[in-house]
Number of protein chains: 2
Amino acid sequence: MQNDVQNSTQPLTRKQREIREREQFILDIGQSILHKHGYNYLTMDKIAESAEYSKGTIYNHFASKEDLVCSLGCCSISNLIDVFERAYHYKGSTRERYSAIGIGYSLYHQLHPMDSQIIQTIKNNAVREKISEPKLAEMEALEFKIAQIAQSIVQQGLDSGDLDKKHQDHVSTIVFGCWSMHYGALLLDQSNIPLQELGFSPVVNMLWQNSNLYLDGYQWQPLSTTTDSKKLFKQISSALFEDELKMLKKK
Amino acid sequence: MQNDVQNSTQPLTRKQREIREREQFILDIGQSILHKHGYNYLTMDKIAESAEYSKGTIYNHFASKEDLVCSLGCCSISNLIDVFERAYHYKGSTRERYSAIGIGYSLYHQLHPMDSQIIQTIKNNAVREKISEPKLAEMEALEFKIAQIAQSIVQQGLDSGDLDKKHQDHVSTIVFGCWSMHYGALLLDQSNIPLQELGFSPVVNMLWQNSNLYLDGYQWQPLSTTTDSKKLFKQISSALFEDELKMLKKK
DNA sequence: GACATTTTTTGACGTTTCGTCATATTATAT
DNA sequence: ATATAATATGACGAAACGTCAAAAAATGTC
C-alpha cells in the first residue's frame, strides 16, 4: 500500500507528497466517473485508463475497489464535518444550533446525492466486508468525530438548561434519534422509491417538521410550537449555508 | 420469464403451480445460502448447483441476480405486512397500535437481520437499476400496502381524537417520520458500525424511547410520559409477538 | 558519470461471475 | 406414432477484479 503516512506527524517528504497528490487525483477521477455515469459504470480499469496510470498503480494506492469507494465516503464525511462545525458555531440557542446540523445535513444531501449513495453503499455489509481494516478504522474515526460534535451540542443544551436535566443520561439517545431519522429519511429519498405516489410530501419538509416535533418531545427549549419554525429554517440556512442554497437553486 | 401469472385471477393450471412451487424452492435455496454464507457467497451458479437445476432454468424464473434478491426482499416485506396486520388488530389505543408496529418491526429486524440487509441492498440505487420493471412494481405494491396499514392507524388516531385534528394534514408526515427513524436506526444497527464505541447504548431501547418521544411531540394520547412505557413494550410484544420473542431468546 | 540496488510501474494473465443461446430434452397435441 | 411446442441444459463470451513477473525509473555508491 505505497507509503503509509496517515499517523506520522513528521513533515512529508517530496515523495510522500507526490503520492498523496496522486491519491487525491485518482479519487477525483473516481468521483467524476461516478457523477457522470453512476456507480455501475465505475471500474478499476476505467479509473486507470482515465487517470493514465496502469491498474497496478491504482492498486498500489487502494487495496480494492471497495477501499477506493470507502475513501470517497471518507471525503464526504469530512465535508459533513465541515458543515457540522459551521452549525456548531452558529450564534443561537442550543436547540437552534442542533437544528442547524439537521438543516446542513439535508442540504448537503440534496446538493450531493451521489455522496449519500456512496455512504449508503459502504454501510452495506456485503460491501463493508471487502473494505480493509485500516480504511474502516479511518472512516470510524471520522464518524466518531462527527458524532462528537452533535453530542457536545446536546450536552450544552443540558448545561444551559434548555434541555431538562432529567434527560442527562440520554445524550447519545437524542443524537442517535436525529441521526437515524435523518439517515433513514434521506436514504428513502435517495432510493428512487416513489414516495409521492405512496402519498408522501417532499422529504426535506417532512424531515424538518418531524425532527422539530421529536425534539419537542424532549422538551428542548424553545419548542417549535412557540416559534415560527418555517422562518427559523430559512434563517439558519441563509446564515450558514448561503453558498449551498445558491448551488441548489442553480440545479 | 416462464409463464407470468401474477395478475390473472383464473385458477392455476398444474403447470403453473409447478412453476410457482419451483420458484419458491429456488428462493428458499437462495435464502439458505444467504443465511449460511452471506451475501457475497450467493451466486447464480451456486443456486443452480444447490437446486440441482441448470443455470438457464434459474434464469427462466429470474431475469437477473438482482431480480432474485428483490424477490427475497418481497418475501420479507410480505412477512412484515403480516407483522403490521397483527399490530393493526391489537386491542388497545390507536397510539398503542401504532407503537406495536414499531415493536414488531424492531423484533423482526433482530430476528432476521439478513432480511434487513437484503432490503438495504435492493434500496441501493446501484442495485435497483438492475432490477426489472415488473419486479420493482411488485415490490412497490407491497410497500404501498404496508404504508397503508400505518396510515390508517394514524387516521384512526385522528378520528378518535387521540391525535389532535390540527395534525390531520400530516398523516403521511407522521408515517414517514416513524418509517425513516426505524429504517435508519436498524440500518445503522445492522451495518456493523461500532455504535457502542461511539457512545451509543443498545439500539432497540433507544429506538423505542425516541419513537415514543417523537409521537409525544405530536401530542398523540396517551403520552408516553403518562404511561409506564417499559411495561407497555413488554405488554405489546408478549401479546402480539410471543413466538418471535421465544425465538429471539433462543439465539 | 557509471554501475548496483531499491522502488515503482506496467499490463498480460488467471479467476470469478454474470447472462446468453444453440442444441438437446421433454411435454403436448393431432 | 409422429409433429410441434415448450422447457432445460451447460458451454460459451464478456466484463470485472485482483496478481505478479518483468520492465522502467529512481536512488544510492564509488
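On a predicted model such as this, the values are computed, not experimentally measured, just so you know. Chain letters run A, B, ... following the sequence lines, proteins first and then strands; every chain starts at 1. Atoms considered below: every heavy atom in the structure, side chains included; atoms not considered: hydrogens, waters and symmetry mates.
Judged by distance alone, the side chains of B:Asn124 and A:Thr121 do bring a donor and an acceptor atom under 3.5 Å apart.
B:Ile146 pairs with exactly one of B:Ile101, B:Val83, B:Ile81 by the side-chain contact (heavy atoms from CB on, under 4.5 Å) rule, that one being B:Ile81.
For B:Thr43, the listed nucleotide lying nearest its side chain is C:dT17; candidates were D:dT19, D:dT9, C:dT17. Nearest nucleotide to the side chain of A:Ser54, out of D:dA8, C:dC18, C:dG11: C:dG11. Nearest to the side-chain atoms of B:Ser64 among the listed nucleotides C:dG19, D:dC17, D:dG18 stands C:dG19. The listed nucleotides are C:dG11, C:dG19, D:dT9; the one nearest the side chain of B:Glu66 is C:dG19. For B:Asp45, the listed nucleotide lying nearest its side chain is C:dT17; candidates were D:dG18, C:dT9, C:dT17.
The 12-atom threshold is not exceeded at CD of B:Glu49, counting heavy atoms of other residues, nucleotides or ligands nearer than 6.0 Å.
Take the nearest nucleotide of DNA chain D for A:Gly56 and for A:Tyr41: the residue whose nucleotide is more 5' is A:Tyr41.
Rounded to whole Å, atom C1' of C:dT25 lies 14 Å from atom CG of B:Asn60. The separation between B:Arg22 atom CZ and D:dA8 atom P is 4 Å, rounded to whole Å. Rounded to whole Å, the distance from NZ on A:Lys46 to C1' on D:dA15 is 9 Å. Computed from coordinates, the A:Asn40 CG to D:dC17 C1' distance equals 15 Å when rounded to whole Å. Rounded to whole angstrom, the span from the CD1 atom of A:Ile33 across to the P atom of D:dA16 amounts to 11 Å. Between the CG atom of A:Asp67 and the C1' atom of D:dG18 there is a distance of 13 Å, rounded to whole Å. A straight line from CE of A:Met44 to P of C:dT15 spans 21 Å, rounded to a whole angstrom. Taking atom CG on A:Leu68 and atom C1' on D:dG18, their separation rounds to 14 Å, with Å as the unit.
When heavy atoms are screened at a 4.0 angstrom cut-off, B:Lys55 is found touching base atoms of the nucleic acid.
Using cut-offs of 30° and 60° for the angle between ring planes, the B:Tyr41 and B:His37 rings count as tilted.
Figure legend: cation-pi geometry between A:Lys46 and A:Tyr39 absent, as NZ or CZ is not positioned both under 6.0 Å from the six-membered ring centre and within 45° of its axis.
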